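The structure appears right after this line, and notes come after that.
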2 protein chains.
Amino acid sequence: MSSTIKVLLAEDQSMVREALAALLGLEDDIEVVAQVARGDEVLPTARQHDIDVALLDIEMPGCTGIEAAAQLHKALPTVKLVVLTTFGRPGYLRSAMEAGADAFLVKDAPAAQLAEAVRKVLAGERVIDPTLAAAALAEGANPLTDREREVLRAAADGSTNAELAAALHLSQGTVRNYLSTAIQKLAVRNRAEAVRIAREKGWL
Amino acid sequence: MSSTIKVLLAEDQSMVREALAALLGLEDDIEVVAQVARGDEVLPTARQHDIDVALLDIEMPGCTGIEAAAQLHKALPTVKLVVLTTFGRPGYLRSAMEAGADAFLVKDAPAAQLAEAVRKVLAGERVIDPTLAAAALAEGANPLTDREREVLRAAADGSTNAELAAALHLSQGTVRNYLSTAIQKLAVRNRAEAVRIAREKGWL
DNA sequence: AGAGCCGCATGACAGATGTCATGAGCGGCG
DNA sequence: CGCCGCTCATGACATCTGTCATGCGGCTCT
């Protein structure tokens, strides 16, 4: 189509965001036309800018890049979505794909892949690390129910059962039951390990 | 001295590292002459390159940027040290300063501060976020003994007392005692919270 | 030399946590 | 409709965790 690819860049750490913008700025055919630091600013800003590609970090305040991707995919389906993340968690990849992402990159990957991914998604291709894709398929889907995930998330900061029960409007016994089933599903010994494993897998 | 400032860049995530290099490359007076992805490659690489400034991320495999800073400060005391980190933990700032760092930047800060910091440290100035400095002074020093820190670090992944005891060649009772004193010093309710707080403060 | 801190350990105890059996209500699916 | 899974709950039990008192040996500082 037009001469340059218009990109929206979403990443909460200013220094990283501007550095990525500088990197993309080196490419003649790519132009970063908007930058945001929060997930919940993605959609409003995208609406104002007629962009071709949105580059979304996952870990952001407001809402995650995956949630932002889902919103964009629904509201502006022609915009291509590149999800970028620090952590190559298979569960993240799965969620990103379900949210309509066209590419999934980890920040460990060489910088050259970034511009390349932008061009490829615009050409209709999908860009996914094959190793990660294999891992995502191998580990299967998230076995936790909504409640189990909720309780596990709430337990992540070291809260006691009584605090969890109060926060979630449940009885202590129920909290323990949910944690117990989560612990069994994740094949671990206690809640702390359960939180860690669920985090690593991107299930939390 | 010479025309351009020679910089060594240490950061484990390729994409971020190369993006930062691109950012610094936009400055006429700064040149990134070497890049490494691991803490333990910093010193050997610095020896080969006659650099003016080392830009060190804290979170790296091999060894942390703070340990690398200490090594550099000892071996090549004329090299100026800029420590860069995702997390503005007061304890990190303190450790970095003790390791001989000249500047401490968080990745949240505007990108312009990076080049600025490089120039300032070379001019003999120190660059520290005043808010962080205040926080570091306000919270005081790390109250944990070596053993307490060690046990807490080992407990971070959700290991049980028996596993900790085996891993650290201690009795279970001793492990519990250390955790207990750590929990009291940090004024929290259990090990999980203790780990979280110690992490946040940069004491872990 | 004595005081004091640290590392390490033990034993006893209360309270938190994890497991299990059991059951009620609700919704979906064949 | 019956079966199943999810949610929520209770009670009982075993184990784990956190606290406390106490003790010993080593080290440092005065």
Side-chain angles (χ1 to χ4, degrees), chain A residues 91 94-95 98 139-204, chain B residues 91 94-95 98 139-204:
Chain A
R94 183 180 292 266
S95 313
E98 284 167 5
E139 90 174 1
N142 189 337
L144 303 174
T145 67
D146 287 348
R147 285 291 174 215
E148 285 160 359
R149 226 176 313 124
E150 203 174 337
V151 175
L152 213 48
R153 222 180 299 131
D157 64 357
S159 298
T160 151
N161 282 335
E163 290 166 337
L164 295 177
L168 301 170
H169 309 290
L170 293 174
S171 83
Q172 283 200 37
T174 304
V175 168
R176 290 200 277 161
N177 285 342
Y178 283 144
L179 285 172
S180 182
T181 57
I183 287 166
Q184 285 175 286
K185 285 181 180 175
L186 299 175
V188 294
R189 308 217 153 279
N190 54 48
R191 62 182 70 191
E193 268 190 315
V195 167
R196 190 171 60 85
I197 297 297
R199 273 238 182 82
E200 272 174 24
K201 302 238 184 188
W203 287 343
L204 200 145
Chain B
R94 182 180 293 266
S95 314
E98 284 167 5
E139 91 175 0
N142 188 337
L144 304 173
T145 67
D146 286 349
R147 284 290 174 213
E148 286 161 358
R149 226 177 313 122
E150 202 174 338
V151 175
L152 212 48
R153 222 181 298 130
D157 64 356
S159 299
T160 154
N161 283 334
E163 290 166 337
L164 295 178
L168 301 171
H169 308 291
L170 294 174
S171 83
Q172 283 199 37
T174 304
V175 168
R176 289 199 281 161
N177 285 342
Y178 283 143
L179 285 172
S180 181
T181 57
I183 286 166
Q184 286 175 287
K185 286 180 180 177
L186 299 175
V188 294
R189 306 217 153 281
N190 54 49
R191 63 181 69 191
E193 268 189 316
V195 167
R196 190 171 59 84
I197 297 297
R199 273 236 182 84
E200 272 173 26
K201 302 240 185 188
W203 287 343
L204 199 145

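Protein chains get the first letters and strands the later ones, always in sequence-line order, with residue 1 at the start of each. What you are looking at is a predicted structure, and each value in this text was computed from that prediction instead of being measured.
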Would you be so kind as to tabulate the donor-acceptor pairs closer than 3.5 Å made by side chains of residues 165-173 of chain A, with sequence neighbours excluded?
from: A:S171; atom 1: OG; to: A:G173; atom 2: N; distance (Å): 3.4
from: A:S171; atom 1: OG; to: A:T174; atom 2: N; distance (Å): 3.1
from: A:S171; atom 1: OG; to: A:T174; atom 2: OG1; distance (Å): 3.0

Base-contact (B) and sugar-phosphate-only (S) positions in nucleotides 23-29 of chain D, heavy-atom cut-off under 4.0 Å, - elsewhere: -------
Flag, side chain of A:E148 to backbone of A:L144, donor-acceptor distance under 3.5 Å: no
Hey, can you pull the residues of residues 143-155 of chain B with a non-hydrogen atom under 4.0 angstrom from DNA chain D? none
Please report the closest heavy-atom contact between B:A198 and B:L186, naming both atoms and the distance. CB-CD1, 4.2 Å
Taking only the side-chain nitrogens and oxygens of A:S171, find out if one of them lies under 4.0 Å from OP1 or OP2 of D:dC8. no
Here the distance between atom P of D:dT17 and atom CD of B:E193, to the nearest Å, is 16 Å
Within the supplied structure, the quantity of interest is the number of heavy atoms (other residues, nucleotides, ligands) at a distance under 6.0 Å from B:R153 CZ; does it exceed 12? yes
Whole Å only: how far is the NZ atom of B:K185 from the C1' atom of C:dC5? 11 Å
Using a 4.0 Å cut-off on protein heavy atoms (strictly under), produce a 5'-to-3' string for nucleotides 16-23 of chain C with B for base contact, S for backbone-only sugar-phosphate contact, and - for none. -BBBB---
Can you list the residues that meet the side-chain hydrogen bond (donor to acceptor under 3.5 Å, both in side chains) rule with B:N190, with sequence neighbours excluded? none
Separation of atom NE2 in B:H169 from atom C1' in C:dA9, rounded to whole Å: 17 Å
Closer than 3.5 angstrom, by distance alone: can the side chain of A:S95 be matched with the main-chain N or O of A:G91 as a donor-acceptor pair? yes
Is any side-chain heavy atom of A:L152 closer than 4.5 Å to one of A:W203? no
CD on A:E200 to CG on B:D157, rounded to 0.5 Å: 9.5 Å
If you take any heavy atom closer than 4.0 Å to DNA chain C, which residues from residues 195-204 of chain A end up in contact? none
When you compare the side chain of A:N142 with that of A:R94, does any pair of heavy atoms fall below 4.5 Å? no
Short question: side chain of B:E163, backbone of B:S159 - any donor-acceptor pair under 3.5 Å? no
Interatomic spacing from CZ in A:R176 to CD1 in A:I183 - rounded to 0.5 Å: 11.5 Å
I want to check something: taking the side chain as every heavy atom from C-beta on, are A:T181 and A:R147 in contact at a cut-off of under 4.5 Å? no
Please tell me if the side chains of A:K185 and A:I197 come closer than 4.5 Å, counting only heavy atoms from C-beta onward. no
